[in-house]
Each structure stands twice: as C-alpha cells, then as structure tokens.
Amino acid sequence: MRLVPAALWTWGSVLCGLLGGAAGGIAAALVSATVLITGLMLARTAPRAARYRSGLLAAGGCAVAAAVLITVHASALEQNPLRAAAERGSAAEVRVRLTDDPRPLQQAGFGGQAGGATRMLVPVTLVEAVAGDGRWSLGGRMVLLTPAEGWQGLLPGQEVSAQGLLAPAQRSDLTVAALRVRGPPTEVTAPSWWQTAAGGLRDGLRDASARALDPAPAGLLPGLAVGDTRNQAPEVEQDFRTAGLTHLTAVSGANLTLIAGTVLLLLRFARADPRAAAVLAGVALVGFVILARPSPSVLRAAVMGGVVLLALALGRARSAVPALAAAVLALLLIDPALAVDAGFALSVAASGALVLLGPPWVAALRARGTPAGVAEALVVPVAAALATAPLIAGLGGQVSLVSVVANLLAAPAVAPATVLGVLAAVLSPLSPDAAQACAWLAGPAVRWLVEIADRAAAVPGGTVPWPEGLTGSLLLAGVLLVLVLLARHRRIRALLVAVLLGLMLVLVPTRVVPPGWPPSGWAMVACDVGQGDALVLATGVPGRVVVVDAGPEDGPIDACLDRLGVRGISLLLVSHLHADHMGGIAGAMRDRPTSGVAVGPVHDAGWTMRTIAAAAAAAGAPVVELVAGRTLAWPALRIDVLGPVHPPRSVDADDGTAVNDTSLVLRASTPAGTVLLTGDVELAAQADLLASGVDLRADVLKVPHHGSRYTSVAFLRAVRPRAALVSVGAGNTYRHPNPALMEILAGSGVQVRRTDQAGDTAVVAAPDADRDGRPDLALVTRGDPMPSPRRSGGSR
C-alpha cells in the first residue's frame, strides 16, 4: 500500500511540469525534496512516525525522480526550434512516424457542405522537419490535421512525409506543434507484418458486421470488440456519449479482462494446469493488444486490464491495489503525457473502484441474499460509474442522471457482444461465413446496446449542468464521498433513501416532462435544434403534424417531436437544400409514419437532395415539389406557398446566398393567427416578395436566416408581426442573430424569442381577440436550451 501515495504524489509532480513547464517541474522537485527530507528527519526523532519512513521514502523518491524527468522533457520542449516556427505559423515539411491510427473528425454539415469525417487527426512522432531556413533531425510528439483522402488507411509504425502550415499545440501533453496538411502523404513506408495482419482482422470483422447486421449495430460491433469506430454512425456515437456509455466504444481494461478471462475460464473448465492456463490467458491478452493496435491508449488499457485480471485470477483482491499503483507509476515514468490524458485518468479511476469498492460491495449484497453473479453484475457498472462521474463532470460540464441505469441495463450485453466480435475477427481470414455467423449471433446484444443508448439519450433533462474543470470534478467527488460516508450509518442511510426517493418523485418528472409542456392548444413550435431551423405545426389531428425543416442532425429534432407527442407527420417540408435545414430529416421520420416530403422548385442533384430522397424512400414517403401559388390544408391548418417568386433553373451549390434565396416562403394560418415561415431568404428574395404584391402580413414571423443582418426594414414593415421567433444555436460562429436587427424588432414592440436562450418555443392561441379583431396569442417557452457546441454548424 506504500505505492499508493507514491503513485498519487508522482502524478502530481508530473502535472506540475506539464502545466507549468520547466519552472513548474523545478518547483515540484524542490517541494517534493523538502517534504521528503523534513519527513525523514521527523521520522528519526519521533518513534511513532518511524514506521512511515519507508513509505515516505518510496513516495518522495518517486515524486522527486518524476519531477526531474518532467523538467527535462519540458526544457527540451521549450527549446525545440519547431515550437518557435509554429508560433509564427510557418510552412513546414516533416518526416514523421505514426503512433496511432488516423482518427476521423466528425463534423456537422453546414451550408451546402456535407457533414461527416472529411478531416483526420493523426498522432505522430517527429523524425525530421524543415521550416524556413532550418532543417532538424529531432524527436517529439506532433499531431497532423489532414484530409481524409490518402490518410485513412495508414497504420501505426509507418513513416510518411507531409507538407503544411504549423500551428501551436493546444494541449499541455508535450506535443511540439500541430501541422495542417494540405494533401496526401508522400514517401510512405510499408507497415510491419503484424500491423498488416491486425488490420486484416479488423477489416474482416467490419465486413462480417456489415453483411450480418443493420447499419447502426454493424458500426458499433467493431468498436465494442476491438475499438474500430470508423464505421460508427455519428448519431450512435452521440447517443452513447449522452447516455454515459462512451467507454463501450473504445478499448478499455474491461475488454482485455473479458477476453483473457474467457480464455482462463474455458481452460479451468477443461481442468488445465493453472500455470498453463495463466500463460495462455496472457497470450490471449497480448494477442488482443495486437489486434486492437498497440497504441498508447491500448497499452494503457492492457496494463489496467492485466491488473484486474491478475487480482481475479489469483483470488487476491488486496494485491490489486499496490499492483495498480505500480502500473500508474511505471506508465507515468515511461510516458509522462498520460498525466493529462482523460482516458488514463478514467481507466485508473474505474480500475481502482473495481478493486477497492467491488469486493466489499459484492460481499454485502451476497450477505443479503443476492445470487452469485447478479451481485457482480450490479456492482461493476455502479462502482465504475460513480468513480468516473467526477472526471466526466469536469470534462463535460454536466452530470448524467441516466448513466448508472444505462450502464446497468447495458452490462449483460457487453460480454457476449465483445467475445463474439473478437471471435468473428479471428475467424474472418479462415472462413468469412463463420465470421458472419458470429456477428449475427452478436446482433441481439449489439442491438440492445444501441436501443439502450438511444432511449437514454432521448430522456429530456437526462443531464444537468455542472461546473467544468478541476473545480467541478472536486465538487462532485466531495458530494459523492459525503454520501458514501453517510450511507455507512443505518439510520442516516434510511434518511438518504427517503430523500433520494422524494427528489426522484418531485424533480425527475419535472425534468423529463416539464410542467406545462407541451402547452395546451399549441399551434406551432420552434424546436431548439442548435444552429438550424425546425418548426412544427399542429394540423388539428391528434398526434399528426406538419414539420418545416429538420435541423442539422437527427437527435435534436427527434427529441423535440418526442416531447410534443408526435406520432405521425402529415407532410415534411424542406425549405431549401442546406444542411442545417435538412440534416435531421431521418431523425424526424424515425418511427413516425410520414405521408410525404416536399421540396421547393430548385433542387439540383447534389448530396442534399440525394440525402432527402434516400430518407424519404426509407420511410416510404413520396417526394413532391411545391411552387408559389400552391395551397395545402388540414382541419386546423392552411399553408399558402408564397415563394420563391422567380426561382432560377439552377444555382451554384457553393453560393450560399443563392441557395438561401431559393427558400420556400410559407404563410400558415393557424388557430393562433398567421405565421410567416421564411427559411433563409436574404435581401434579393425579400425584394422579389415585396415587388410581387403578395400579402406578407402575419402575426408571427419566423425571422429569416437565424436573424442575420440580411433582413430589410421594408420587409419587416410589410409583415408587421406581433411576435418573432429566431431559430439559432448558442455560441454559433456566424454571430447570429444580428444585434441591430434585434433592436429594430424590440423597438417596434415585437415579442422576440430566441431558441438559444429560451429553448423550444410554442405559439399558443388565447381565447380573447385584440383591438384589430385578430386572435390573441401567447409565446410559451420550454427553457433548457441546447448548450453551445465546440464547433457550430449552420448555413453561410
């Protein structure tokens, strides 16, 4: 146990050097040496403290050594000539060696640009660099931001040359610089035979999954089994993140423990010699590391998984704690950058919870009559979720209310899916049919995981805001520690259970279904879908609606329609072919019968139109064209198509303004009054509407183009709205909405509601009429708007 404080102290020393540079490392070394010398002197003079002398020597010695080591690394980084070139943004040519697989960077579509993995993040080690007049043969970490073409199939260990612009590193993990690469790699060396073999097995698993399963589970199974997330759908990835199940899509100690533990269990069942069984289990562990690629993250997981496996195999849970501490010490000394790696911290926390909390909690449940196996199945996900919750809260700025339940429900499916997935990979070179059969057998478990993530992510209010960073982590850790300590006392435990039940009965329903939402008699709702448009109109038929635009992604519009209780879509209209208006079309139609999909008169063949056609075909909905002068009617809704007035035959998809001006302009008559839906029309299209003489007056205006500055005062005067809705995303990079436009609307006495501030906003009919004889209306907001994303989508 003396290694535990040594590991923690060493971790702190390394952090000081990483975050504070060479000065921080020197300070950590001086403080550690002072504490060590003072402690040893006190131990010599105080007999009672003598027994702590060896532990203090181990902890302080490791901390001093780590501080000296990180100081050397930090000094070398500060003197690296490429770092100065990166500060200047110089052009550079580099020769590098890949240290991990290229990672696809998913991004939402914007304007006429399709979303997806168009860029790659490639971790590398420098071999040689040329920048300006300098040429250096030097080492050091580096990351490349590259196009997908030419980089996707590269393997760790390959050397390549690349050209681009240098940029300063954004993380304190000893990375020298980043390089924005312009094109494909050159002078690519051949990969090693074992990396090629591992790549073949991974490709075999991916192919078997694609043949045997639907797209969502087919993309998840390779990630679950061997950490290959290249075919994983962005929607599934987001659902797993929201539900607190992200660890299932990355290789962790749990994967390695499952594989080696399965081998060990089978060998014990066959009455194999314990030593032979241990050796073969170790071979399985090494083989899985090769299959999952021996990147730093996989090696870290191998050490953590090996620690847990060793403890379980030897039946000595207490020995796992010093073994875990020794593993942390070794890894930090070999690779100090792991001290700021979130995955490393999560692995340590989860492994520590399993070896510290697991055995006593299992014993307590067994003593109360819980069957063997069930106790372990309950304890493992709960202990891991509680131990990692503070770190996740500090990293994401939120606390999930559904993660523990989601992990409990997912736990039974993880083992069979992982083992069958690995077996499919191993069999794929020998028999593709056998590999496909294994993938098919894993199908029910993988589909269950997809369903759990989807349902958990769809729970409104499933996460609550929390302070970010170290403060948030320490705060939640303190709260959980107090609760655990209080729960040790029987009377206080009963009180805590009563309080938690009361909070669940009072707060959870209000988070899942906020009081008054959806408001009675709503006629239209502007859904908060981030930087995009999505509007829902009531038809007068319960559960049936008309949807105008679907936002940039599937999840937000799907959740909004769920909150409104929508069971079917009478018509889904796409105002124009930009990603932030049609990217979520599949999510809108998911499990909702759709009578038809409508587009405007300008729909050049492109990825947006192909996406709409494919989603409509999958839902069995015909695609129809709407032009000015067309009228659509339902029992409580009438829609008149006003524009585009002069649609061109075609537009340049790269001209954002031209595409915006092809937006369908609709006037909807509802029990709450008239609503003018304007898509993203800009000045030219607004001028065409004014010149046409069409009646633009409306009670409610959906402000064009997320409140951009390209809205004319003459257009606003023609509409004369009483209320205005701005569909806009928090923290968007386009500075929408325009402050001057908002001042004009407010100065005219118009009620303005923004989805980035108010969340979903409903237009509700009021029983009284105003002085002009028009029906009165009210704007009801749901609150809880979507948080600001790291990167904002939207139309140009």
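Numbers here simply count residues along the sequence, with the first being 1.
- In this structure, the side chain of Trp151 engages the main chain of Gly183 through a donor-acceptor pair within 3.5 Å.
- With a 4.5 Å cut-off on side-chain heavy atoms, Pro429 and Leu201 count as touching.
- Taking SG of Cys62 as the start and CG of Leu333 as the end, the distance is 7.0 Å to the nearest 0.5 Å.
- No more than 12 heavy atoms of other residues, nucleotides or ligands sit less than 6.0 Å from atom CZ of Arg180.
- Contact check for Ser32 versus Trp9: side-chain heavy atoms found under the 4.5 Å cut-off.
- For the pair Val143 and Leu145, the minimum side-chain heavy-atom distance is 4.5 Å or more.
- You'll find the side chain of Val122 reaches within 4.5 Å of the side chain of Pro102, heavy atoms only.
- Ionic pairing of Asp228 and Arg206 is present here: one or more N-O contacts between side-chain nitrogen and carboxylate oxygen are shorter than 4.0 angstrom.
- Residues Met142 and Ala177 come closest through the heavy atom pair CG-O, 3.1 Å.
- Side-chain contact between Asp341 and Asp173 is absent, with no heavy-atom pair separated by less than 4.5 Å.
- No donor-acceptor pair under 3.5 Å is formed between the side chain of Ser161 and the backbone N or O of Arg95.
- Proximity of Pro785 to Asp756: side-chain heavy atoms (C-beta onward) are nowhere separated by under 4.5 Å.
- At least one side-chain heavy atom of Ile392 sits less than 4.5 Å from a side-chain heavy atom of Leu346.
- For the pair Pro156 and Asp101, the minimum side-chain heavy-atom distance is below 4.5 Å.
- Side chain of Gln158 to main chain of Thr189: a donor-acceptor pair is present (N/O by atom type, distance under 3.5 Å, no hydrogens or angles).
- Here the closest non-hydrogen pair linking Leu221 and Gly421 is CD1-CA, 4.1 Å.
- Residue pairs meeting the side-chain hydrogen bond (donor to acceptor under 3.5 Å, both in side chains) criterion with at least one partner in residues 60-88, sequence neighbours excluded, are absent.
- A donor-acceptor contact shorter than 3.5 Å is absent between the side chain of Arg97 and the backbone of Val127.
- Proximity of a side-chain donor or acceptor of Ser90 to a complementary backbone N or O of Ala86 within less than 3.5 Å is not detected.
- The two atoms that bring Ala33 and Val64 nearest to each other are N-CG2, 3.7 Å, heavy atoms only.
- When all heavy atoms of Val176 and Gly140 are compared, the pair lying nearest together is CG2-CA, 4.1 Å.
- Side-chain atoms of Thr99 come within 3.5 Å of backbone N or O of Pro123 as a donor-acceptor pair.
- Here the side chain of Thr38 pairs no donor or acceptor atom with the backbone of Val35 at under 3.5 angstrom.
- A search for ring pair (Phe, Tyr, Trp, His ring centres under 6.0 Å) contacts involving Trp466 returns nothing, not counting sequence neighbours.
- Side-chain polar atoms of Asn732 and His706 form no donor-acceptor pair below 3.5 angstrom.
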